Student: 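One structure, pasted below without further comment.
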Amino acid sequence: VICRLVSSKHQDQAPIAAMAAFHLFFLHGLGEEGSLWGPALENLERDVMQTLSVGSGDTLVDSSLKIHILDSPWPARELTGLPGGKRTAWMDMPALPLDEQKIAEVHAVDKSFADSVDWLLEQVDSNVNFDKGERVVLAGFSQGAAVALSAALKTKNSRAVAAVLNIGGWFVKDYHLQAEENLFGRPPAFSLFWLHGKKDFPIPVALSDVGKRWLVGEFQLPEQNVFGDQPEGMGHSPEDQNRLPASVTEWLAEVMRGRKEELRG
């Protein structure tokens, strides 16, 4: 786990009365290590905090952002649809490109997917002080994004999950439909940003569109909470140019700004 803390408060400011504290938990993609995303997430931290500090004379509420880059705790494994050796993974994987039927037939019944969702929620509970009003952003790329999204829906502490950043991922809808305990007693309220490149071959961009439609139509995520970007030239690689575009920075800064307003009010 790699953690970094960045705050918008300058040393010459007056003491603050409250802290809008956020933790961002990030899960890597198939066959990766989390450190691959370190530079992009460091830039995101910097840009978000700079955005929040511009024109802000607020001495009542400050902001902090702590990034947790999580590596899969599971041993490397052979994958059903992707021969060629063992790889780090959050779940099994069918042959690519992925589609709705494969998600329902493989991921929704895959114990390793369910175990990864539960493991992520354990990391959140171990690292976040909900009693102090700290908030959570669950984020990931590809497989990691699918796990993060389902964890946000499954958590029993729904108010604490402020946002989800889904980068080139998908929604395992049927996982949540199999058992009532995986469904909210009340509709989810987090903000969702779904970043999905139009040149993504392994995980087609259409899965972004259908996932958002399911979340709004069947899981009652408010439509005004759903944001996204589908860059024309982006594929399915952490090394794609401008992997985290300015639209992500603006969205996350707005999520954190909303918490500041809540504390101030």
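In this text the structure is predicted, and so the values were computed from the model without any measurement.
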Student: Return the OH to NZ distance between Y175 and K154, rounded to the nearest 0.5 Å.
Tutor: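 That separation rounds to 3.5 Å.
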Student: Which atom pair, heavy atoms only, marks the closest approach of V164 to A152?
Tutor: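 Heavy-atom minimum between the residues: CG2-CB, 3.4 Å.
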Student: Is the backbone of R243 close enough, under 3.5 Å, to the side chain of D240 for a donor and an acceptor to pair up by distance?
Tutor: no
Student: Side chains of D47 and V248: does their closest heavy-atom pair fall under 4.5 Å?
Tutor: no
Student: Does atom CD of E223 have more than 12 heavy-atom neighbours from other groups under 6.0 Å away?
Tutor: no
Student: Report yes if some heavy atom in the side chain of V226 is under 4.5 Å from a heavy atom in the side chain of L221; otherwise report no.
Tutor: yes
Student: For E254 and W251, indicate whether the former's side chain and the latter's backbone hold a donor-acceptor pair under 3.5 Å.
Tutor: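 Checked: no pair found.
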Student: Between CZ of F113 and OG of S150, what distance do you get to the nearest 0.5 Å?
Tutor: 3.5 Å
Student: Going by heavy atoms in the side chains, are R87 and L30 under 4.5 Å from each other?
Tutor: yes
Student: When you compare the side chains of T80 and D92, does any donor N or O come within less than 3.5 Å of an acceptor on the partner?
Tutor: yes
Student: For a quick test of reading the model, state the closest non-hydrogen atom pair linking G140 to A145 and the distance between them.
Tutor: O-CB, 3.2 Å
Student: Atom CD of residue position E33 - does it have more than 12 heavy atoms of other residues, nucleotides or ligands inside 6.0 Å?
Tutor: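 At most 12 heavy atoms, drawn from other residues, nucleotides or ligands, come within 6.0 Å of this atom.
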Student: How long is the span from the CG atom in N225 to the CD atom in Q220, to the nearest 0.5 Å?
Tutor: 12.5 Å
Student: As an exercise, state the distance from CZ of F22 to CG of L65, rounded to the nearest 0.5 Å.
Tutor: 8.5 Å
Student: What pair of heavy atoms forms the shortest contact from W170 to H107, and how long is it?
Tutor: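 Heavy atoms of W170 and H107 come nearest at NE1-ND1, 3.2 Å.
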Student: Distance from E100 atom CD to D174 atom CG, nearest 0.5 Å?
Tutor: 10.0 Å
Student: Just checking, any donor-acceptor pair under 3.5 angstrom between side chains of E134 and H23?
Tutor: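 Yes.
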Student: Evaluate the side chain to side chain contact (heavy atoms under 4.5 Å, CB included) criterion for residues V161 and R135: first the C-alpha distance (whole Å), next the side-chain angles of each, then the deciding distance (0.1 Å), finally the verdict.
Tutor: CA-CA 6 Å; V161 178; R135 293 292 182 263; over 6 Å; no
Student: State, without any angle test, whether T51 and R257 hold a side-chain donor-acceptor pair at a distance under 3.5 Å.
Tutor: no
Student: With a 4.5 Å heavy-atom cut-off, do I203 and H196 have their side chains touching?
Tutor: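 The answer is yes, as the side chains (C-beta and beyond) meet within the 4.5 Å cut-off.
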Student: In terms of relative ring orientation, are W37 and F141 parallel, tilted or perpendicular, with 30° and 60° separating the classes?
Tutor: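 W37 and F141: tilted rings.
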Student: Looking at T88 and A76, would you say the former's side chain and the latter's main chain have a donor-acceptor pair under 3.5 Å?
Tutor: no
Student: Taking all heavy atoms of Q123 and all of F25, pick out the closest pair and write down the distance.
Tutor: O-CE2, 3.9 Å
Student: List the steps, then state whether salt bridge (charged side-chain N to carboxylate O under 4.0 Å, His left out) holds for K86 with E78.
Tutor: CA-CA 4 Å; K86 296 181 178 180; E78 300 278 355; 6.0 Å; no
Student: Hydrophobic cluster membership, with links at side-chain heavy-atom distances under 4.5 Å among I/L/V/M/F/W/Y: are V205 and L215 in one?
Tutor: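 V205 does not cluster with L215.
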Student: Looking at K102 and P97, would you say the former's side chain and the latter's main chain have a donor-acceptor pair under 3.5 Å?
Tutor: yes
Student: Is there a donor-acceptor contact under 3.5 Å linking the side chains of H236 and S142?
Tutor: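 Side chains of H236 and S142: pair found under 3.5 Å.
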Student: The test is side chain to side chain contact (heavy atoms under 4.5 Å, CB included); show your working for E218 and K173 and say whether it passes.
Tutor: CA-CA 9 Å; E218 299 186 38; K173 177 187 70 169; 3.7 Å; yes
Student: When clusters are formed by joining ILVMFWY residues with side-chain heavy atoms under 4.5 Å apart, either directly or through shared neighbours, do V106 and V147 land in the same one?
Tutor: no
Student: Determine the minimum heavy-atom distance between G228 and F193, stating which atoms define it.
Tutor: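 Looking at all heavy atoms of both residues, the shortest contact is C-CZ, 3.8 Å.
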Student: How close do L79 and A89 get, counting heavy atoms only, and between which atoms?
Tutor: CD2-CB, 4.1 Å
Student: Using side-chain heavy atoms (C-beta onward) and a distance below 4.5 Å, is F26 in contact with L165?
Tutor: no
Student: Compare all side-chain heavy atoms of M49 with those of M256 and state whether any distance is below 4.5 angstrom.
Tutor: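 SC-SC contact between M49 and M256 confirmed.
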Student: Evaluate side chain to side chain contact (heavy atoms under 4.5 Å, CB included) for D125 paired with F130, printing each intermediate quantity in order.
Tutor: CA-CA 8 Å; D125 288 341; F130 297 115; 3.6 Å; yes
Student: Following the transitive rule for hydrophobic clusters with a side-chain heavy-atom cut-off under 4.5 Å over Ile, Leu, Val, Met, Phe, Trp and Tyr, establish whether L177 and L149 coincide in one cluster.
Tutor: yes
Student: Main chain of P75, side chain of R77: is a donor-acceptor contact present, judged purely on distance under 3.5 Å?
Tutor: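 Checking the backbone N and O of P75 against the side chain of R77, no donor-acceptor pair under 3.5 Å is found.
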Student: How about I67 and I69: do any of their side-chain heavy atoms sit closer than 4.5 Å?
Tutor: yes
Student: Give the cluster check for L207 versus F171: same hydrophobic cluster or not, with ILVMFWY residues linked at side-chain heavy-atom distances below 4.5 Å.
Tutor: yes
Student: If Ile, Leu, Val, Met, Phe, Trp and Tyr residues are connected whenever their side-chain heavy atoms lie under 4.5 Å apart, and connections chain through other members, are L192 and W214 in the same group?
Tutor: yes
Student: Going by atom types alone, do S116 and W74 pair a side-chain donor with an acceptor below 3.5 Å?
Tutor: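 The answer is yes; a qualifying pair exists.
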Student: In sequence, state the C-alpha distance, the side-chain angles, and the governing distance for V124 and T155, and then conclude on side chain to side chain contact (heavy atoms under 4.5 Å, CB included).
Tutor: CA-CA 10 Å; V124 172; T155 179; over 6 Å; no
Student: In Å and rounded to the nearest 0.5 Å, what is the CG to CH2 distance from L70 to W119?
Tutor: 4.5 Å
Student: Within the 4.5 Å heavy-atom criterion, are L98 and I103 side-chain neighbours or not?
Tutor: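 Answer yes - side chains close enough.
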